[in-house]
Amino acid sequence: MTLAIWLQSILDGLVIGATVSLGAIGITLTYAILRFANFAHGEFITWGGYFALAVLGAVAGSQDLKALLGGPFEPFSFGWPLIVATLASILAASALALILDAIYFRRLRRAKIAIASVIGAFGAALVLRNLVVLGYGADPEYFSREIQIAIRFGPGLRITPDQIALVFVTALLVVSLHLFLTRTQMGRAMRGVRENPDLASVSGIDVAAVIRATWVIGASLAAVAGVLIGLTIQLRPSIGFDLLLPLFAAAVLGGIGSIYGAVLGGLVIGVSESLAVMLIGPEYRAAISFGVLFLILLVRPQGILGARA
Amino acid sequence: MAEPALAVRALEAGYVRGVPILRGVGFDLAAGEILAILGPNGAGKSTLVRTIAGLVPRFAGEIRLAGASLADLPPHRVVAAGFAYVPQVANVFAELTVDENLALGGYTLKRGRAERAARVFELFPDLVAKRQAKAGRLSGGQRQMVAIGRALMVEPRVLALDEPSAGLAPIVVEQVFAMIRRVARSGVAVLVVEQNVRAALATADRALVLAEGVERLSGAAGDVAANAAIAEIYLGGAPAGASP
Ligand SMILES: Nc1ncnc2c1ncn2[C@@H]1O[C@H](COP(=O)(O)OP(=O)(O)OP(=O)(O)O)[C@@H](O)[C@H]1O
Ligand SMILES: [Mg+2]
């Protein structure tokens, strides 16, 4: 096999891994701050993608909106309509997360019975996924039917403009989140609550507000991941569900609670899946995340960037 | 007479409904005054300050700060009302820097956070060189300074310290008590829970001795120190005069 094939496979893996990272950040944040393993997190990705699809559909159906928002930014396949759709999707996914927490997850969390939380969240995921099937059917949906011409560079590598946008958006979000967590009072408060909720509350931090912020950030990143998947691959009602185990694998192998660990874990999962597909075939794609997780946890049980308990 | 900075009346509180740990505790604390809360392990000293801080459910009784009821406020509103609390353990954000700990201490402030932090660094000059260090990496004494500095960020009316001298070297203990006196002189009412009875009574104006959630002794620090009953309370709670 030539170097170019290897490099192409790694590149494809990084592109997939970037969306896994965005999802894994939400899982690691909700786990670290709420002590809640959210097995419904993948549905924020699915719903994020479909919220955006709904907005795109509304724009496409209205001559006025189409004229107002214009066509795609060449060479990308998307334009203002997708940006508007993404912002709307972020708001909708955040609202969904806040509502779910208020009516359901909060009770699961209060009960402090780990297995009830896991199964309860899993049940919520099934309901959410089936609601999407009810609304859109099980067939794949596309934001755009146009085939993108890949850009060639280096030793015969290919990447589409949309994939470049995906990597750029992910990097931008990770850097923004880093700045938010280290430079703003709310970001510091989130880190404070993660470490010691009682000390945070007696410092004057409204822990309930921090929990809401956590849901909004996690759901927003998931919504963007859903949009990026819709943009570069396709939407199916099962995308979030299918991503759930890779997301948890990424969060755990990176070190649960660590944002940068989640990012790194997402990229490791993406690249190893991609290499596995090339080397041994697509039927082992799902197993490989866990092979990697297993190997890394053998050496570092706390994950790559995790702190020892 | 002026309204006390903190007034607690007939307080009953505990972790499980129907199982009060505190069974009718009360005291008044004036601005600038230091009250030592003493008593053996498990007496309910921490529970008392945690109840005032809003962390432990109150079953009955009153808690008033400068006349306004604190009862049933969530902890972050109690801080905003002017009550700052330094817990007995895990009293700094170990993974955050000293600067970040102080910033979180001033979370309720709209402005003036930098000025308050500058005042904390005046009080604890040793911390200046450690501003960017994670609090978890500091020595025990420096960590206690961060914990107290964090609480002082809101310029509280009442400062409660739960065993501030625990685990510290004698010379550092002396510094901590000197700092407590300085804070009190600036007009803050101070509540200090202590195992170090001698040092606490030497520093405090008044003392309240708890055992099994009830008040056993209270009064001027000198009188409590001179009272023969105090040793017996620590040795097992037998009433004064009952032991040979
Ligand atoms: N989180 C909790 N849940 C249930 N009971 C508790 C809890 N914390 C303390 N208690 C109980 O409350 C009682 C009083 O404990 P508290 O910590 O207030 O005592 P203390 O006087 O501060 O003791 P020490 O000197 O050891 O710090 C004890 O019987 C203790 O077992
Ligand atoms: Mg105690």
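Order of the sequence lines fixes the chain letters, A, B, ..., with proteins taken first and strands second; residue numbering starts at 1 for each chain.
- For chain B, the nearby parts of A/Ala200 are the backbone and the side chain; heavy atoms of each come within less than 4.5 Å.
- Salt-bridge annotation for A/Asp101 and A/Arg109: present, with a side-chain N of the basic residue lying under 4.0 Å from a carboxylate O of the acidic one.
- When heavy atoms are compared at a cutoff of 4.5 Å, A/Gln185 approaches chain B by way of both its backbone and its side chain.
- Only the side chain of B/Arg113 comes within contact range of chain A, with heavy atoms under 4.5 Å apart.
- For B/Val154, no part lies near chain A; criterion is any non-hydrogen pair under 4.5 Å.
- In this structure, chain A has no heavy atom under 4.5 Å from any part of B/Ala151.
- Here B/Leu96 is the residue among B/Val78, B/Asn101, B/Leu96, B/Thr97 with the most heavy-atom pairs under 4.5 Å with chain A.
- Salt bridge present: B/Glu155 and B/Arg119 bring a charged side-chain N and a carboxylate O closer than 4.0 Å.
- For B/Arg77, the CZ atom counts as loosely surrounded, since its 6.0 Å shell holds 12 or fewer non-hydrogen atoms of other residues, nucleotides or ligands.
- Your options are A/Asn196, A/Val207, A/Thr182, and the one with the most heavy-atom pairs under 4.5 Å with chain B is A/Asn196.
- One finds a salt bridge joining B/Arg9 and B/Asp28 here, because a Lys/Arg side-chain nitrogen approaches an Asp/Glu carboxylate oxygen to under 4.0 Å.
- Electrostatic pairing of B/Arg206 and B/Glu33 counts as a salt bridge here, judged by a charged N lying under 4.0 Å from a carboxylate O.
- Of the residues considered (B/Gly106, B/Ala147, B/Ala94, B/Ala84), B/Ala94 shows the highest number of contacts with chain A, using heavy-atom pairs under 4.5 Å.
- One finds a salt bridge joining B/Arg58 and B/Asp72 here, because a Lys/Arg side-chain nitrogen approaches an Asp/Glu carboxylate oxygen to under 4.0 Å.
- In terms of heavy-atom pairs under 4.5 angstrom with chain A, the leader among B/Ala53, B/Gly105, B/Pro87, B/Ala90 is B/Ala90.
- Contact annotation for B/Pro74: neither backbone nor side-chain heavy atoms come within less than 4.5 Å of a heavy atom of chain A.
- Just one of A/Leu253, A/Leu264, A/Leu243, A/Leu247 meets the side-chain contact (heavy atoms from CB on, under 4.5 Å) condition when paired with A/Ile269; it is A/Leu253.
- A salt bridge links A/Arg191 to B/Glu100: at least one charged side-chain nitrogen sits closer than 4.0 Å to a carboxylate oxygen.
- Taken to the nearest 0.5 Å, the CG atom of A/Leu34 stands 11.5 Å off from the CG atom of A/Leu108.
- In terms of heavy-atom pairs under 4.5 Å with chain A, the best-connected choice from B/Thr108, B/Leu104, B/Val79 is B/Leu104.
- Interface remark: B/Ala80 contributes no atoms to any contact with chain A (heavy atom separation under 4.5 Å).
- Looking at B/Leu55, the atoms closer than 4.5 Å to chain A (heavy atoms on both sides) all sit in the side chain, from C-beta outward.
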